[in-house]
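Just so you know, these numbers use all the heavy atoms, side chains as well, and skip hydrogens, waters and symmetry mates.
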Amino acid sequence: MEASLPIVCVTIGPPPEVLARLEAVCQVRIVAADAPARVLQEALSRAEGLLCSALLPVNESLMARAPRLRVISNFGVGFNNVDLPEATRRGIAVCNTPGVLSDAVADLTLALILAASRRLVENAAYVTSRGWSGGRPAPALGFDVGGKSLGIIGLGRIGRAVAQRARAFGMEVVYHDTVETPQDGPDYCQPRKLDELLRESDIVSLHVNLTPETHHLLGARELALMKRSAWVVNTSRGPVIDQAALVRALRAGVIAGAALDVLETEPPMAKEPILSLPNVVLLPHVGSATVETRAAMLDLAVKNLLAVLAGQEPPACVNREALPRALERR
Ligand code: 8YV
């Protein structure tokens with residue numbers, strides 16, 4: 001009986017109830033995302049499905065060793081870890097988890113903005129390092145976000161959720177979209193060209209997909225256009241900012257600070273210069289890291305995977321043009 005069930009390779013650690021849901025209809029091969037290449041290739045050699053996260057690069061050579069693969073179901077909205085044109089060429093559906101994490105990521109973006117503006121990290125350290133009890137001088141004052149200008153780059157689902165929240169905090173919101181046919185923003189968000197947005201904003205927040213077009217979207221030139229008092233916030237993907245240029249800009253006072261949930265290399269090397277700058281707030285890629293959101297993401301990722309394996313349209317697919325072949329290869 002088991003031999004007829006499709007093989008699925010899973011590189012995330014699903015909780016027992018999700019594993020049981022998968023095992024009811026698939027033969028599951030669990031492999032760590034950082035397992036040796038040959039282990040991964042062996043697990044994928046007869047697999048029809050792959051359930052993975054952004055931690056697993058799914059490139060041409062990996063797909064070449066997975067001739068039966070029909071669906072790559074990413075546990076996350078970002079899919080820059082997958083070579084999309086190659087997957088499409090091979091008739092492999094690439095699925096993601098949009099929507100269910102927008103509020104969580106937007107909440108964390110606001111948390112970063114407030115952490116920067118109210119010097120939360122410094123003030124908390126002042127208390128726990130006994131600065132307050134020891135009578136040392138308090139950290140410098142923060143700044144109000146009300147009345148400040150927030151420049152949102154990428155007004156998709158998450159960018160819009162950030163805009164809503166920023167509006168509730170009394171911020172002026174401007175936006176720039178990098179997609180070819182952007183939809184109009186809500187009436188409280190004014191569109192801008194990228195350079196205008198950078199010149200005008202007190203806080204610049206990034207919400208784009210990582211693509212060849214958005215790689216190093218903010219580099220030395222763009223950072224130099226920003227106000228000296230401005231902060232850059234990134235909850236999207238690290239490589240959207242040229243991190244070496246950012247470190248230089250932060251050291252030279254070209255901009256005031258950076259609040260980042262993502263870095264160019266994750267996890268960063270211990271000697272990575274950005275880790276020792278005073279004017280940064282850094283988090284370990286936790287935009288979607290709440291119990292509720294991670295459960296909803298996993299549920300959607302499993303639904304996507306099982307739908308394709310059953311020959312049905314998945315709820316969220318980023319290369320719908322690959323679906324006819326992915327579904328018919330049952
Ligand atoms: C996850 C993410 O942290 O959705 C994304 O694109 O980067 C995050 O939600 C990641 O996929 C889990 O490893």
Side-chain angles (χ1 to χ4, degrees), residues 105-125 139-155 158-159 161-163 165-176 189-190 192 194-208 214 216-264 268 272-287:
V105 178
D107 289 349
L108 193 85
T109 305
L110 264 293
L112 283 173
I113 292 172
L114 293 172
S117 71
R118 303 305 300 272
R119 297 181 175 269
L120 283 198
V121 175
E122 275 167 88
N123 275 302
L141 298 178
F143 63 88
D144 287 336
V145 293
K148 296 290 188 317
S149 166
L150 173 67
I152 294 183
I153 303 181
L155 197 70
I158 297 173
V162 170
R165 286 158 174 74
R167 187 185 182 216
F169 277 91
M171 302 187 81
E172 307 291 332
V173 185
V174 295
Y175 73 95
H176 172 76
C189 295
Q190 300 307 313
R192 294 285 187 271
L194 179 60
D195 287 4
E196 288 170 359
L197 177 147
L198 294 170
R199 286 195 187 95
E200 183 175 328
S201 302
D202 296 299
I203 293 168
V204 171
S205 191
L206 292 161
H207 301 286
V208 293
T214 61
H216 286 188
L217 185 67
L218 295 194
R221 187 193 82 84
E222 290 74 25
L223 293 165
L225 293 176
M226 290 172 60
K227 297 180 184 178
R228 290 184 87 84
S229 56
W231 278 71
V232 64
V233 176
N234 192 6
T235 54
S236 64
R237 285 289 184 265
V240 175
I241 304 181
D242 175 347
Q243 199 166 297
L246 177 62
V247 167
R248 286 195 297 274
L250 290 168
R251 281 188 176 138
V254 172
I255 63 169
L260 311 172
D261 184 41
V262 287
L263 292 174
E264 273 208 273
E272 165 52 50
I274 203 157
L275 302 187
S276 36
L277 295 182
N279 46 347
V280 294
V281 177
L282 302 174
L283 297 179
H285 198 147
V286 289

(message) Return the OG to CD1 distance between S201 and I153, rounded to the nearest 0.5 Å.
(response) 7.5 Å
(request) Determine the sole option in T235, L120, L260 for which the side chain to side chain contact (heavy atoms under 4.5 Å, CB included) test with L112 is passed. (result) T235
(message) For N123 versus P139, what's the shortest heavy-atom pair and its separation?
(response) OD1-CG, 3.4 Å
(request) Calculate, to the nearest 0.5 Å, the distance between atoms OH and CD belonging to Y175 and Q190 respectively. (result) 8.0 Å
(request) Side-chain contact test, heavy atoms from C-beta onward, threshold under 4.5 Å: evaluate it for H176 versus V208 and give yes or no. (result) no
(request) Using a 4.5 Å cut-off on heavy atoms from C-beta on, say whether the side chain of V286 contacts that of L108. (result) yes
(message) My understanding is that only one of V174, I152, L150 makes a side chain to side chain contact (heavy atoms under 4.5 Å, CB included) with L197; could you say which?
(response) V174
(request) Apply side chain to side chain contact (heavy atoms under 4.5 Å, CB included) to I203 and V233, showing your working. (result) CA-CA 7 Å; I203 293 168; V233 176; 3.7 Å; yes
(message) Just so I know, are the side chains of P273 and R251 near enough to count as touching, which here means a heavy-atom distance under 4.5 Å?
(response) yes
(request) Report the distance from atom CE of M226 to atom CD1 of I255, rounding to the nearest 0.5 Å. (result) 4.5 Å
(request) Spell out, as yes or no, whether a donor-acceptor pair under 3.5 Å connects the side chain of H285 to the backbone of V262. (result) no
(request) Look only at the side chain of D261 and the backbone of G287, and say whether a donor-acceptor pair between them is shorter than 3.5 Å. (result) yes
(message) Determine whether W231 and V281 satisfy the following criterion, side chain to side chain contact (heavy atoms under 4.5 Å, CB included), listing intermediate values before the conclusion.
(response) CA-CA 10 Å; W231 278 71; V281 177; 4.3 Å; yes
(message) Return the CD to NZ distance between E200 and K227, rounded to the nearest 0.5 Å.
(response) 7.5 Å
(request) Write down the atom of R118, the atom of F143, and the distance for their closest heavy-atom approach. (result) CD-O, 3.9 Å
(request) Rounded to the nearest 0.5 Å, what's the gap from CG on L198 to CG on L218? Could you check? (result) 6.0 Å
(request) Evaluate the criterion side chain to side chain contact (heavy atoms under 4.5 Å, CB included) for residue pair L114 and F169; output intermediate values, then yes/no. (result) CA-CA 10 Å; L114 293 172; F169 277 91; 3.8 Å; yes
(request) State the CD-CG distance between E196 and L225, to the nearest 0.5 angstrom. (result) 11.0 Å
(message) What I'd like to find out is whether the side chain of P268 reaches to under 4.5 Å of the side chain of I274, using heavy atoms alone.
(response) no
(message) To check you understand the geometry: which heavy-atom pair defines the closest contact between A245 and G219, and what is its length?
(response) CB-C, 4.2 Å
(request) Taking all non-hydrogen atoms of both residues into account, name the closest pair between L246 and A258 and its distance. (result) CD2-CB, 4.1 Å
(request) Without swapping roles, check the side chain of N234 against the backbone of R237 for a donor-acceptor pair under 3.5 Å. (result) yes
(request) Measure across L155 and A163 and return the closest heavy-atom pair with its distance rounded to 0.1 Å. (result) CD1-CB, 4.5 Å
(request) Report yes if some heavy atom in the side chain of T214 is under 4.5 Å from a heavy atom in the side chain of L206; otherwise report no. (result) no
(request) Given side chain to side chain contact (heavy atoms under 4.5 Å, CB included), test V162 with R165 step by step and report yes or no. (result) CA-CA 5 Å; V162 170; R165 286 158 174 74; 5.8 Å; no
(message) On a heavy-atom basis, which atom in R228 and which in A252 lie closest, and how many Å separate them?
(response) NH2-O, 3.8 Å
(request) From the options Q243, E264, E222, select the one residue that forms a side-chain hydrogen bond (donor to acceptor under 3.5 Å, both in side chains) with H216. (result) E264
